[in-house]
Amino acid sequence: MSNRSKKAPKIMKCENKFCAGCGHSLFDRILGEVLTEMNIIGETIVCSDIGCNHMFQYSMAVDVIVPPHGKMGAALTAQKRVRPDKYAITIAGDGGAYAIGLAETVAAATRNENVTMFVMNNTLYAMTGGQAAPTTQLGQISASTPKGRTEKDHGLDFDVFNVMRNLDIAYLARTSVANPSEIRKTKNAVKKAIEKQRDNKGFSLVEVLVPCPTNWGLKPVDAMKRIENELMVRYEMGEIIDK
Amino acid sequence: METKIIKGNEALAEGAVRGGCRFYAGYPITPQSEILEWMSWRQKEVGGVFVQGESEIASVNMVFAARALGARAMTSSSGPGFSLKQEGIAYWVSAGVPAVVACVQRFGIGDGYISAGQDNYWQAVKGGGNGDYHLITLAPNSVQECLDMAYESFELAEKWMHPVLILSDGTIGQMMEPCTMPVMKEYDMDQPWAAKGTAIGEGENKVITDITYFQDIDEWNAGYIEKMRKIQKDEQRWEEFNIDDADVILVAYGISSRVAQRSVEIARKKGIKLGLIRPITLWPYPRKAFEKINKNCKGIVTLEMNMMGQMLEDVKIAVSCKFPCYALATAQKVAPTDEVIAFCQKVMDGKVKETEVF
Ligand SMILES: Cc1ncc(C[n+]2csc(CCOP(=O)(O)OP(=O)(O)O)c2C)c(N)n1
Ligand code: SF4
């Protein structure tokens, strides 16, 4: 039987520190492959968020800056303006990008800054112990919605497509890491988003549905099933802006 | 060198530009908006970047990123806007990002007033954000100093890899004086510490963040506190007038120091022996200046545009409470010279109760 597993690219310099079955690690590997294949590691500066997602710093050999939690929209703007020849990319949490940093995320998009945001939607704040985020689903139990999210008490959940659909930006897509076909789509979207920046087309955002088995209280396999059976049904998937 | 008559705020902006500032982000607020407005056209002229951020929070973090990538970068604000920048500034400190911020103080709590004040002293020199830090804080008292301090600020910040704050006030910022323009400094943003991308095999990639993530925390702490001690020792700056034989010594910075100096001149003509210590750095506080005070001095008086006499505690620490200390704190206006002299006379005569420290 041939071993069909691919060797990790050199940018993945050591084992990661995520929990088993964490979606962040899958995304990082995808991004690492794309940066390697496009041969742009030396031209890339990743703006980190603060959250579980930021643990890419430990395992990826790429230049990183770390502004405060959520402020990536602002930091990326400055990165691209002072070094237009470098790629300005962020790996963001959904809490970071859509709650505490929503103003900065949307402002960067409305200016159509030539930057790229990858937002990891795991439907909660993972690092701080699984509290509700803007993306927490109605009915979902979290550490701060112990009886489940309700419209009355917590408001409706957030969908970035509704906010950005009519903006003049280069690329907007949603994918997941729930199965091999989705992983392929994610890789394709990651590449396309970075190509938009390369071609000076403007702002791109890819939201990736990722599992957090630890805070969801699910086994890794069941966490992937939740994405397929619940989240990918609830959300509009795929590319909705591609200029 | 050319001389121009300009506003303090404009001088501060131009000083930064000539000092190599090639990235500015800010948000409008009175009485500092001239800095932002000057930068909006001037950065374009010199090939730099101007961004009007969507808030002070966005602006301070834009500066973090621009500076982390090597560009000499600054922001500026006042009052509530300066409050919003504090989280971001703490990140500059912990990551050792040598950026510059200017605060042109206005008076009041919360939104306060748009007129001049000196009541951001505590916030400016006692930290502002979370954690153990002070910013290297320069206090200009003329339009020329606004320019000179901004011109020098990046080198000072880079010398210590620590942010610099220029603490101006609404009067210094708005008034016009002749100002000599120094030559434009050249700066290479490809500094060894800057993030500019590291290809595989090119050496270790850079991570610009709280160093404590990647280093033993005790080791990091030790290096950091040693740096802060050294700054405290090496960077104290002040100006002094007639302190050797003074019966009462005034202590004032910024616009108040202009009135204090005039008060000393007038009083001396009348045979009243006043002296003045003008802190130029507010952190590190120029404690060394206070070592020279003669033991017969009857009191030390701070002159401040706030209600609580915010600087008084630093004076008391500087003299180990060995002299009676008073604050002539006159809220949103600077006391006129005759009022200052009359107050000092009463101190000499032992007719004023020592001012409490809040
Ligand atoms: C200003 C500020 N508020 C709160 C925190 C605490 N905090 C750290 S990570 C985090 C949540 C991260 O959640 P998310 O952005 O969804 O990322 P995830 O952990 O799920 O990857 C919070 C609230 C912080 N670091 N800074
Ligand atoms: S808590 Fe969740 S998001 Fe964080 S590392 Fe573990 S699985 Fe990943």
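Residue numbers begin at 1 in each chain, while the letters A, B, ... track the order of the sequences. Keep in mind that the numbers below use all heavy atoms, side chains included, and drop hydrogens, waters and symmetry copies.
The most heavy-atom pairs under 4.5 Å with chain B, out of G42(A), P68(A), A74(A), P67(A), come from P68(A). Ranking I45(A), L76(A), L35(A), I41(A) against chain B, the residue ahead of the rest is I45(A), based on heavy-atom pairs under 4.5 Å. With chain A as the partner, the residue from G88(B), A73(B), A58(B) showing the most heavy-atom pairs under 4.5 Å is A58(B). When each of V63(B), V49(B), V60(B), V97(B) is checked for heavy-atom pairs under 4.5 Å with chain A, V49(B) comes out on top. Between chain B and the options A61(A), A107(A), G73(A), heavy-atom pairs under 4.5 Å are most frequent for A61(A).
Remark: L102(A) CG is packed, more than 12 non-hydrogen atoms of other residues, nucleotides or ligands lying under 6.0 Å away.
Of the atoms belonging to A71(B), it is side-chain heavy atoms, and not backbone ones, that fall under 4.5 Å from chain A. Interface remark: I11(A) contributes backbone and side-chain atoms alike to the contact with chain B (heavy atom separation under 4.5 Å). Using a 4.5 Å cut-off between heavy atoms, M72(A) does not touch chain B at all.
Closest of all the heavy-atom pairs between A65(B) and A75(A) is CB-O, 3.3 Å. Of all the heavy atoms in A195(B) and I65(A), the pair that sits closest is CB-CG2, 4.2 Å.
Residues I208(B) and V64(A) have side chains not in contact (no heavy-atom distance under 4.5 Å, counting atoms from C-beta outward).
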Chain A/chain B interface donor-acceptor pairs under 3.5 Å:
residue	atom	partner	partner atom	Å
K13(A)	NZ	N205(B)	OD1	3.4
V62(A)	O	N205(B)	ND2	2.7
D63(A)	OD1	T198(B)	OG1	2.7
D63(A)	OD1	K206(B)	N	2.7
D63(A)	OD2	K196(B)	N	3.3
D63(A)	OD2	G197(B)	N	2.9
D63(A)	OD2	T198(B)	OG1	3.2
V64(A)	N	K206(B)	O	2.8
V64(A)	O	I208(B)	N	2.8
V66(A)	N	I208(B)	O	3.0
R83(A)	NE	L69(B)	O	2.8
R83(A)	NH1	D190(B)	OD1	2.9
R83(A)	NH2	L69(B)	O	2.8
R83(A)	NH2	M189(B)	O	3.2
R83(A)	NH2	D190(B)	OD1	3.0
K86(A)	NZ	K196(B)	O	2.8
R111(A)	NH1	E54(B)	OE1	2.8

